[in-house]
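These notes are about the structure you will find just below.
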Amino acid sequence: MRWIDFKRDFRMNKGLYALIVPIVIYIFIFNYLPMGGIIMCFERFSPKNGVFFSEWVGLKHFIDFFSTYYFWRLMRNTLLLSIYGLLWGYPAPIIYALLLNELENEYFKKAVQVISYMPNFISTVVICGIIIDFVSSDGLITDMLVAIGFLDSPKNLLSVSGYFRTIMIASDLWQQVGFGSILFLATLTGIDQELYEAALIDGAGRWKQTIHVTIPGLMPVITIMLIQRVGGLLGTNMEKIILLYNPLIYETADTIGSFVYRKGLQEANYGYSSAVGMFNSIVGLILLCIANGIARKYGETSLF
């Protein structure tokens, strides 16, 4: 756009440009200014000296992280939690949306939707409090597991490292599956109804209509959401993990996000934690590019 065209457009749409200003300021302050903190990854950062005058250590923080015992444990725990979350948590909203789409009673459908959306609006702190109470030695879930014979005796499930991943994935499903289905439900309403009529004329039942009409109509959204999930594969729910884990289950519960929190905020090792966080972001960017490249090569939809 030429400068003269921009000035003319600006005069005609001053109100719209004014609406953009707060968003631009917000993005600049919270997304671009913090990028200066990348320098901390290569420093022994001291709040007294600031970002530009702290001692320069080069790649020392990265080398220390890669050579520590915790590196492989953190990578294993982060990847396993993320992969399990992807395998269970990604298809669940899609299946749920398909099931809701089959309901013909609108009142019942709306009631089910409202009930399933509600957990998403509960604070993470409250959710974690509920989980801690339910899986304690005298909690509801623990009593049920004892009653059906899954447990020999009551115990605090969050004190056993082998149960942590199951607790995390199951609670994430309960909290997010309803709200995560909104986008897929919105996409379903946009599918041309004539396609269903044509499939019906050709003798296709509900199952074949789902396979040949509904799922292809959802594929662009499914692909985009999958690319985003793969890009955030190492971005586990740090807040929830920190609220639920304890030293007894670090072996399976400690992830890169929780490690950065402990090193940065609890131990005040800001440079080291920044380096670990930067490594996490770089790996996430690489995974995003790989997933997008595969989608662009073998499909019709991609992010870029």
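The shown structure was predicted, so the numbers you read here are calculated from the model rather than taken from an experiment. Count residues from 1 along the sequence.
- Although no hydrogens or angles enter the test, the distance criterion places a donor-acceptor pair under 3.5 Å between the side chain of H61 and the main chain of E43.
- A donor-acceptor contact shorter than 3.5 Å is absent between the side chain of S159 and the backbone of K155.
- The aromatic rings of Y163 and F150 are tilted relative to each other, their planes meeting at an angle between 30° and 60°.
- A 4.5 Å side-chain heavy-atom check between I122 and Q175 finds every atom pair outside the cut-off.
- Here the shortest heavy-atom pairing between P22 and A18 reads CD-O, 3.3 Å.
- With hydrogens and angles ignored, the 3.5 Å screen pairs a side-chain donor or acceptor of S54 with a backbone N or O of S46.
- The CG atom of D254 sits 9.5 Å away from the CD1 atom of I242 when rounded to the nearest 0.5 Å.
- Taking CD1 of I130 as the start and CG of D133 as the end, the distance is 8.0 Å to the nearest 0.5 Å.
- The shortest distance between side-chain heavy atoms of E102 and T210 falls below 4.5 Å.
- Judged by distance alone, the side chain of T68 and the main-chain N or O of D64 form no donor-acceptor pair under 3.5 Å.
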side-chain contact (heavy atoms from CB on, under 4.5 Å) assessment of M75 paired with F279: CA-CA 11 Å; M75 286 297 297; F279 163 76; 3.8 Å; yes
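- Side-chain contact between I20 and L16 is absent, with no heavy-atom pair separated by less than 4.5 Å.
- For the atom pair CD of E239 and CG of L244, the computed distance is 11.5 Å after rounding to the nearest 0.5 Å.
- Around the CD atom of E194, the shell of radius 6.0 Å holds no more than 12 heavy atoms that belong to other residues, nucleotides or ligands.
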CA sep, side-chain torsions, deciding dist, call: M278, C41, side-chain contact (heavy atoms from CB on, under 4.5 Å): CA-CA 8 Å; M278 184 177 179; C41 301; 3.6 Å; yes
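- Here the closest non-hydrogen pair linking I94 and F184 is CG1-CZ, 3.6 Å.
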Ignoring hydrogens and angles, write down the donor-acceptor pairs under 3.5 Å from the side chains of residues 24-40, residues two or more places apart or on other chains.
none

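- No hydrogens or angles considered: nothing links the side chains of N269 and S273 as a donor-acceptor pair under 3.5 Å.
- Taking CD1 from I127 and CD1 from I132, the interatomic distance works out to 11.5 Å, rounded to the nearest 0.5 Å.
- Interatomic distance, CD of E197 versus CG of D192, reported as 8.0 Å (0.5 Å rounding).
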Does D172 form a side-chain contact (heavy atoms from CB on, under 4.5 Å) with W88? I'd like the steps, not just the answer. CA-CA 10 Å; D172 283 345; W88 290 95; over 6 Å; no
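- Listed here is the closest heavy atom pair of T187 and G217: CG2-O, 3.8 Å.
- In this structure, the side chain of T252 engages the main chain of S161 through a donor-acceptor pair within 3.5 Å.
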So R44 and K60, side-chain contact (heavy atoms from CB on, under 4.5 Å) or not? Walk me through it. CA-CA 9 Å; R44 185 173 285 107; K60 181 180 183 303; 3.8 Å; yes
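- Both V126 and M168 are part of a single hydrophobic cluster, where members link through side-chain heavy atoms under 4.5 Å apart.
- One side chain, S171 or K240, offers a donor N or O that lies under 3.5 Å from an acceptor on the other.
- Among residues at least two apart or in separate chains, ring-ring contact (aromatic ring centres under 6.0 Å, His included) pairs with a member in residues 106-139 are F121-F179.
- In this structure, N105 places its CG atom where more than 12 heavy-atom neighbours from other residues, nucleotides or ligands lie under 6.0 Å away.
- When all heavy atoms of K208 and A204 are compared, the pair lying nearest together is CB-CB, 3.9 Å.
- Cluster annotation: L140 is connected to L151 through the hydrophobic network of ILVMFWY side chains, with a link wherever side-chain heavy atoms come within less than 4.5 Å.
- Counting heavy atoms of neighbouring residues, nucleotides and ligands inside a 6.0 Å radius, atom CH2 of W56 exceeds 12 of them.
- Considering only heavy atoms from C-beta on, L185 stays 4.5 Å or farther from T189 through its side chain.
- Note on L99: it does not cluster hydrophobically with V221, by side-chain heavy-atom contacts below 4.5 Å among ILVMFWY residues.
- Rounded to the nearest 0.5 angstrom, I227 CD1 and I290 CD1 are separated by 12.5 Å.
- The one candidate from Y261, Y250, F259 that meets the ring-ring contact (aromatic ring centres under 6.0 Å, His included) condition with Y245 is Y250.
- No continuous path of ILVMFWY side-chain contacts below 4.5 Å connects V276 to L285, so the two sit in separate hydrophobic clusters.
- No donor-acceptor distance shorter than 3.5 angstrom exists from the side chain of T142 to the backbone of P154, with no hydrogens or angles considered.
- Using a 4.5 Å heavy-atom cutoff, the side chains of L218 and L98 are in contact.
- Checked against the 6.0 Å centroid threshold, F42 and F62 count as a close aromatic pair.
- In this structure, the side chains of I249 and V160 stay at 4.5 Å or more apart for every pair of heavy atoms.
- No chain of hydrophobic side-chain contacts below 4.5 Å, direct or via other Ile, Leu, Val, Met, Phe, Trp or Tyr residues, connects L243 to I256.
- Without hydrogens or angle criteria, R229 side chain to G85 main chain gives a donor-acceptor distance under 3.5 Å.
- Partner of L74 under the side-chain contact (heavy atoms from CB on, under 4.5 Å) criterion, chosen from F71, Y70, W72: Y70.
- With hydrogens and angles disregarded, a donor-acceptor distance shorter than 3.5 Å links the side chain of N77 to the backbone of E251.
- Heavy atoms only, all atoms of each residue included: A253 and S258 are closest at O-OG, 4.3 Å.
- Taking the side chain as every heavy atom from C-beta outward, L158 and I167 approach each other to under 4.5 Å.
- Side-chain contact between F45 and P47 is present, with at least one heavy-atom pair separated by less than 4.5 Å.
- Of all heavy-atom pairs spanning V230 and A291, the tightest one is CG1-CB, 3.7 Å.
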